[in-house]
Amino acid sequence: MRIALAGNPNSGKTTLFNAITGKVEHVGNWPGVTVEKKEGDVKQHLNPRKEDLVVADLPGAYSMSPYTNEESITKDFVQNENPDVIINIVDATNLSRSLFFTTQLLELGIPVVVALNKSDMTKAKDISINVPALSDVLKCPVIETVATGTAKNGLLELIDAAVTVGKSNKKQAAPFTAGAKASTKESYEKADKKRYAFVNNIVKEVERRKISSEKQTIQDKVDRVIAHKWLGIPIFAAIIYLVFSISQTWIGPWFADIFVGWIDLLNEGVASLLGESVNPLLSALLLDGIIGGVGAVIGFLPLIMVLFFCLALLEDCGYMARVAVVMDRFFRIVGLSGRSIIPMIVSTGCGIPGIMATRTIKNERQRRTTAMLTTFMPCGAKLPIIALFAGVFFGDNSWVGTSMYFLGIIVIILGALIIREITGDYSRSYFIMELPDYRLPSIKRATISMLMRAKAFIIKAGTIILVCNAAVQILQTFDGQFHVVAESAPETSILASIAGPLAVLFIPLGFGLWQFAAAAVTGFIAKENVVGTLAVCFGITNFINMDELTLIGSGTQVHAVFGIGAVAALAYLVFNLFTPPCFAAIGAMNSELESGKWLAGAISFQLGMGYVLAFLVYQIGTLVTTGSLGEGFIGGFIAVAVIVGIVAYLMKRGGKNKQLYAELGAVKS
């Protein structure tokens with residue numbers, strides 16, 4: 001039996017799905033989290049009849065007349081996949097909004113069971129619902145449910161009702177059919193007006209709530225500050241700074257020290273087992289390439305886990321929805337909307353689901369632009385790079401991670417402005433978003449979210465990163481004649497010969513060394529490889545405890561080890577954050593952009609953006625700190641001028657498209 005979970009965004013669908021299937025799909029206290037169908041089997045203790053039950057969690061939808069792509073997924077599944085029964089998740093605290101969709105589902109001829117979710121919150125809001133009366137009016141079972149907390153209520157009754165109704169041959173009578181035969185825009189509008197009137201009558205009949213419209217609630221007062229058009233930005237900056245301080249400076253390093261100690265013990269144990277009789281090449285491959293390289297990446301896992309935990313708490317408490325509202329006014333100026341911030345928030349965990357989340361954007365140009373730019377947000381794979389350079393070159397200062405976060409937002413706004421000018425498409429879309437209630441975040445859900453992301457990180461480290469580090473170690477060990485490279489001449493290795501010509505391009509950026517060029521290239525496979533490759537190339541297995549490399553005045557011991565200073569390190573960090581993402585994310589971009597031309601433009605744009613930003617950081621930073629321009633300024637200036645010239649030409653050409661869009665708009669009007 002196939003059971004479809006359908007309901008409005010932020011009604012608790014995915015939370016309910018996880019509760020009845022045991023899955024750990026991502027949930028958030030804001031709309032737009034689910035953008036594709038997910039399936040799972042019902043837990044055994046909720047299925048005493050031992051039926052074969054498969055549950056599908058569908059993206060949130062407000063109507064069967066889809067406005068966004070994820071709503072289309074829900075409509076197509078319900079109408080074409082023929083589920084045996086639909087469990088319609090209704091927010092018990094907002095009947096008037098939820099029942100519009102319910103009446104549409106009841107018209108489809110598929111058995112429906114209503115899950116009156118968040119029933120535990122009705123008492124706190126002084127809301128009482130006559131459940132039997134609601135069931136009589138809708139002519140379908142209505143079950144009160146609570147999907148969160150330790151005492152999950154109504155789930156067994158809900159599944160039992162779904163199985164009973166799904167097996168019954170009795171066809172449910174639709175309580176409302178005014179829109180069943182609508183065929184024109186006018187008839188749809190008339191049907192919708194009747195539907196709203198019908199829903200309002202139901203709510204008046206079955207719901208009682210105490211309303212004081214003149215009195216501001218605590219949430220209203222908090223939102224006046226948190227979501228204020230001017231105060232919202234500095235508050236957001238302070239919160240992100242606090243998050244990075246906790247993860248990168250306070251709690252994270254404490255756990256990282258313990259974790260790195262275990263890795264060092266592993267390295268020492270394997271070395272003692274190998275002994276001195278083992279072939280030095282095999283020993284180097286195992287100790288330096290595999291354990292050392294992978295260990296250098298894994299060493300940052302505690303910092304990343306703490307960061308993920310803090311971000312999950314922010315999502316769960318309802319704050320991220322306010323961030324979208326605050327950012328909307330800035331995004332509208334450059335042709336996007338606050339809805340574009342949702343994929344970017346998702347991208348802080350991983351760029352791939354962030355790119356997929358652009359499906360929530362209806363406007364095609366805005367959707368493609370967001371898919372191009374969303375990977376500029378520092379994702380989980382980029383966090384080890386931030387942690388490495390912040391720790392080694394800047395003494396674990398929290399401003400490094402925070403500045404990269406906000407630089408990403410600035411680059412996204414600038415990029416959106418450029419893309420709008422290039423396409424000439426000045427069309428706008430309206431941003432409407434429900435602000436969910438503030439709630440105490442769930443430590444359990446945040447922990448599960450953190451552990452799932454950590455698991456994905458470890459799997460990647462044990463597969464892709466391990467293979468890449470082993471390959472880097474082999475390429476660094478042998479020269480072109482497959483002779484072992486002397487320790488005093490690493491520049492003769494195969495790796496150096498491959499990365500050396502590319503390193504010339506990076507001289508104007510301050511890191512024209514083959515080691516950094518090699519790390520940048522492997523970073524396109526997986527961004528964590530940047531840390532692993534640098535560890536292998538420089539023979540460092542522990543980036544966490546590097547007290548001996550602390551900055552000392554203007555000259556540094558770090559420079560003696562890595563060959564670059566703090567300014568060049570910052571430029572290298574910027575380069576890796578704002579060039580194209582990993583291959584997997586590029587594949588997701590290809591799927592969502594649905595255009596080879598847009599994909600080629602996206603990759604070129606990202607390469608150019610990363611190069612220009614790194615050039616500006618290094619040259620301006622060097623000028624400020626030393627009073628003179630950095631090495632390779634002339635060559636870099638020419639390259640940057642060419643990039644800027646190409647963009648300017650495309651923007652000028654886009655002016656013709658702007659005129660065409662304006663004419664089409666006039667004709668349409």
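Here, residue 1 is the first one in the sequence, and each next residue gets the next number.
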Q. Do NZ/NE/NH1/NH2 and the carboxylate oxygens of R367 and E594 come within less than 4.0 Å?
A. yes

Q.
Between K382 and K527 (side chain of the first, backbone of the second, donor and acceptor by atom type, cut-off under 3.5 Å), is there such a pair?
A. no

Q) Donor-acceptor pair, R439 side chain versus D316 backbone, under 3.5 Å? A) yes

**Q.** Carboxylate-amine/guanidinium contact D57 K13, below 4.0 Å
**A.** yes

Q: Report yes or no: does R322 contribute a side-chain atom to a donor-acceptor pair with the main-chain N or O of G318 at less than 3.5 Å?
A: yes

Q: Answer yes or no: is there a side-chain heavy-atom contact under 4.5 Å between F389 and L534?
A: yes

Q) Just checking, is any N or O donor in the side chain of Y611 or Q606 under 3.5 Å from an acceptor N or O on the other one? A) no

Q. Under 3.5 Å, is there a donor-acceptor pair between the S398 and T249 side chains?
A. yes

**Q.** F330 and I341, any side-chain heavy atoms less than 4.5 Å apart
**A.** no

Q) What are the two closest non-hydrogen atoms of I586 and P581, and how far apart are they? A) CD1-O, 3.7 Å

Q) Hey, does V306 have a side-chain heavy atom less than 4.5 Å from the side chain of Q248? A) no

Q: Indicate the ring-plane relationship of F506 and F575, choosing parallel, tilted or perpendicular according to the 30° and 60° boundaries.
A: perpendicular

Q: Indicate yes or no: at least one non-hydrogen side-chain atom of Y572 is less than 4.5 angstrom from one of L509.
A: no

(Q) Surrounding CZ of F255 (heavy atoms of other residues, nucleotides or ligands, distance under 6.0 Å), is the total greater than 12? (A) no

Q. Looking at I352 and A588, what are the two nearest heavy atoms and their distance?
A. CG2-CB, 4.0 Å

Q | Heavy-atom pair with the smallest gap, counting every atom of N529 and C468 | A | ND2-SG, 3.3 Å

(Q) So if I apply the side-chain contact (heavy atoms from CB on, under 4.5 Å) rule between F308 and each of T447, L313, L383, which one comes out positive? (A) L383

(Q) Before we go on, tell me: are the rings of Y618 and F633 under 6.0 Å apart, centre to centre? (A) no

Q: State, yes or no, whether a side-chain contact exists between F562 and V392 at a heavy-atom distance under 4.5 Å.
A: yes

Q.
When you measure from the side chain of Q366 to the backbone of L336, do you find a donor-acceptor pair of N or O atoms at a distance under 3.5 Å?
A. no

Q. Do side-chain atoms of T348 reach the backbone of I345 as a donor and acceptor pair under 3.5 angstrom?
A. yes

Q. Once you round to the nearest 0.5 Å, how far does CG of L417 lie from CD of E421?
A. 5.5 Å

(Q) I need the I603 CD1 to M372 CE distance, nearest 0.5 Å. (A) 10.0 Å

Q: Anything under 30° is parallel, anything over 60° is perpendicular, the rest tilted; go ahead and classify Y319 against F236.
A: tilted

Q.
Are the side chains of T358 and T369 in contact, using a 4.5 Å heavy-atom criterion?
A. no

Q: Using modelled atom types only, decide if a donor and an acceptor are shared between the side chain of T374 and the backbone of P343 within a distance under 3.5 Å.
A: yes

Q.
Is it true that, when you exclude F406 itself, more than 12 heavy atoms of the residues, nucleotides or ligands shown sit nearer than 6.0 Å to its CZ?
A. yes

Q: For the residue pair F376 and F605, categorise the inter-ring angle as parallel (less than 30°), tilted (30 to 60°) or perpendicular (more than 60°).
A: tilted

Q. Hey, does the side chain of R365 reach the backbone of G335 with a donor-acceptor pair shorter than 3.5 angstrom?
A. yes

Q. Can you check whether I464 reaches C582 side chain to side chain, under 4.5 Å on heavy atoms?
A. no

Q | Sidechain-backbone polar pair: S403 side chain, V400 backbone, donor-acceptor under 3.5 Å | A | yes

Q) Does any N or O in the side chain of E315 come within less than 3.5 Å of the main-chain N or O of M320, such that one atom is a donor and the other an acceptor? A) no

(Q) When you compare the side chain of L577 with that of L407, does any pair of heavy atoms fall below 4.5 Å? (A) no

Q: Search all heavy atoms of A535 against all heavy atoms of G293 and return the closest pair with its distance.
A: CB-CA, 4.4 Å

